[in-house]
Amino acid sequence: MPPDLTAIIDDIAAHMAAAGDRGTVASYIPELAKVDPAQFGIAIATADGRILTGGDADTGFSIQSISKVFALTLALGKVGDQLWDRVGREPSGNAFNSIVQLEQEQGIPRNPFINAGAIVVSDVNLGGHQPRVAIGEMLRFVRYLTGDDAVAINEDVAASETATGFRNMALANYMRAFGNVRHPVDLVLGSYFHQCAIEMNCRQLALAGRYLMLDGRHPDGGRVVSPGRARRINALMLTCGHYDASGDFAFRVGIPGKSGVGGGILAIVPGRASIAVWSPGLNDSGNSQLGTQALELLARHTGWSVFSPPGEGD
């Protein structure tokens with residue numbers, strides 16, 4: 001019997017509303033430090049076209065590193081597998097903004113979901129243009145995925161990141177020294193910071209992830225990526241999407257997911273659901289504390305997991 005998603009979402013939202021320890025908001029980006037940690041939202045877009053929501057699912061938030069999934073999709077469309085000459089595909093085992101491995105590995109980031117890897121992806125997507133062109137392309141892409149032209153960039157968040165992003169500047173300059181960032185650093189980071197400042201709500205984010213649920217197809221019938229590329233992006237989300245806590249997330253939840261320090265997580269159950277959760281308080285690894293707990297509850301109640309036998313959880 002298919003799971004009763006409405007009842008499950010209501011139960012999860014009630015549990016999260018009653019939670020005592022809600023984590024700590026990301027204070028190193030001043031605009032994110034202002035967000036009320038009492039909020040929690042969840043949305044599920046199903047393969048049969050339903051959208052179910054709970055809590056603060058219509059409240060906008062900064063998607064931050066979740067944008068790296070969409071940026072990676074665009075970059076692979078531009079240069080294909082040549083991207084992997086400049087970015088690895090292995091879990092980092094370090095914090096998302098670590099510089100340590102770059103020295104050991106000659107300026108090649110471990111994967112496209114840590115900050116260093118995402119900066120290289122931004123360099124690819126810049127493609128010789130001004131940042132406004134790359135930013136416009138990203139916005140058009142996300143609006144296409146969601147079917148919602150209201151998706152926009154929070155300029156206050158972008159300005160806040162630009163003013164305080166010294167570690168990202170260090171990462172970009174270090175990779176520039178190795179020749180792995182090829183455009184001027186200020187242009188690359190201008191694109192990267194604005195990409196991270198895209199604002200969405202859970203409903204929009206769940207809709208944006210549907211192509212990864214549907215083997216690379218958009219629900220309108222268009223193809224976003226090939227089936228093989230969709231599977232590979234999902235694989236990277238599972239192994240690298242939660243930084244140095246990716247293994248624990250795979251162990252506890254068992255589905256591909258990408259987190260952001262704005263408190264959002266996009267999770268994909270291939271063939272079944274695209275899920276967005278949001279709560280701005282983070283755990284020690286920089287992932288949404290309640291969002292992670294909510295996805296663990298959802299997996300437990302539905303049986304959804306990439307490790308489950310076929311048919312289980314249907």
Side-chain angles (χ1 to χ4, degrees), residues 63-127 134 138 165 167-183 185 188-189 191-193 195-196 209 212 216 225-251 253 255-261 265-268 270 285-287 306:
I63 68 170
Q64 293 294 314
S65 286
I66 301 170
S67 67
K68 296 171 183 176
V69 174
F70 310 125
L72 174 63
T73 303
L74 286 175
L76 288 170
K78 294 176 187 294
V79 301
D81 287 345
Q82 293 178 44
L83 179 67
W84 307 122
D85 295 334
R86 298 176 60 186
V87 184
R89 299 188 297 269
E90 295 294 333
S92 69
N94 286 323
F96 61 89
N97 56 2
S98 173
I99 199 170
V100 174
Q101 285 171 331
L102 282 178
E103 183 172 14
Q104 299 170 339
E105 298 174 4
Q106 302 295 298
I108 305 294
R110 274 291 176 97
N111 66 70
F113 292 153
I114 56 175
N115 286 17
I119 290 168
V120 173
V121 169
S122 289
D123 187 60
V124 170
N125 284 332
L126 198 56
M138 172 66 78
R167 188 180 290 253
N168 286 319
M169 295 174 198
L171 291 169
N173 277 293
Y174 197 74
M175 291 186 293
R176 174 88 165 165
F178 280 100
N180 203 19
V181 168
R182 299 171 184 175
H183 296 87
V185 165
V188 176
L189 290 178
S191 178
Y192 175 67
F193 290 144
Q195 163 195 309
C196 289
L212 295 172
V225 295
S226 68
R229 186 162 288 171
R231 290 193 290 272
R232 289 191 286 272
I233 293 171
N234 279 329
L236 285 168
M237 290 173 68
L238 182 69
T239 58
C240 307
H242 281 70
Y243 312 119
D244 50 334
S246 296
D248 190 62
F249 185 83
F251 179 84
V253 180
I255 58 179
K258 181 70 199 84
S259 68
V261 296
I265 303 174
L266 173 65
I268 305 295
S285 298
N287 304 308
V306 294

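Since the model is a prediction, treat every value here as computed from it, not as a measurement. Quick note: residue numbers are just sequence positions, from 1.
- In this view, D248 and R252 satisfy the side chain to side chain donor-acceptor pair (under 3.5 Å) rule, not counting sequence neighbours.
- Judged purely by atom type and a 3.5 angstrom limit, N173 has no side-chain atom pairing as donor or acceptor with the backbone of R176.
- In this structure F251 satisfies the ring pair (Phe, Tyr, Trp, His ring centres under 6.0 Å) test with no other residue, sequence neighbours excluded.
- N115 places no side-chain N or O within 3.5 Å of a backbone atom of N168 that could act as its donor or acceptor partner.
- With sequence neighbours excluded, no residue satisfies salt bridge (charged side-chain N to carboxylate O under 4.0 Å, His left out) with E90.
- Taking D244 as the reference, nothing meets the side chain to side chain donor-acceptor pair (under 3.5 Å) condition, with sequence neighbours excluded.
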For residues 72-82, tabulate all N or O donor-acceptor pairs below 3.5 Å that involve a side-chain atom, not counting sequence neighbours.
{"residue": "T73", "atom": "OG1", "partner": "V69", "partner atom": "O", "Å": "2.9"}
{"residue": "T73", "atom": "OG1", "partner": "Y211", "partner atom": "OH", "Å": "2.7"}
{"residue": "K78", "atom": "NZ", "partner": "E137", "partner atom": "OE1", "Å": "3.0"}
{"residue": "K78", "atom": "NZ", "partner": "E137", "partner atom": "OE2", "Å": "3.0"}

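- Applying the side-chain contact (heavy atoms from CB on, under 4.5 Å) test to L102 and every residue at least two apart in sequence or in another chain returns I99, P109, A116, L171, Y174, M175.
- Counting only residues at least two apart or in different chains, salt bridge (charged side-chain N to carboxylate O under 4.0 Å, His left out) contacts with residues 226-240 comprise D215-R231.
- For the salt bridge (charged side-chain N to carboxylate O under 4.0 Å, His left out) condition, the pairs that include at least one residue of residues 108-117, sequence neighbours left out, are E105-R110.
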Distance-only criterion, 3.5 Å: show the donor-acceptor pairs between side-chain atoms of residues 117-124 and protein atoms not counting sequence neighbours.
{"residue": "S122", "atom": "OG", "partner": "A118", "partner atom": "O", "Å": "3.2"}
{"residue": "D123", "atom": "OD1", "partner": "R182", "partner atom": "N", "Å": "3.2"}
{"residue": "D123", "atom": "OD1", "partner": "H183", "partner atom": "N", "Å": "3.0"}
{"residue": "D123", "atom": "OD1", "partner": "H183", "partner atom": "ND1", "Å": "2.8"}
{"residue": "D123", "atom": "OD2", "partner": "R86", "partner atom": "NH2", "Å": "2.7"}
{"residue": "D123", "atom": "OD2", "partner": "R182", "partner atom": "N", "Å": "3.0"}

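- Annotation: ring pair (Phe, Tyr, Trp, His ring centres under 6.0 Å) contacts of F70 (sequence neighbours excluded): none.
- Among residues two or more places apart in sequence or in another chain, the side chain to side chain donor-acceptor pair (under 3.5 Å) test is passed with K258 by Y243.
- Looking at residues two or more places apart in sequence or on another chain, you find no ring pair (Phe, Tyr, Trp, His ring centres under 6.0 Å) involving F193.
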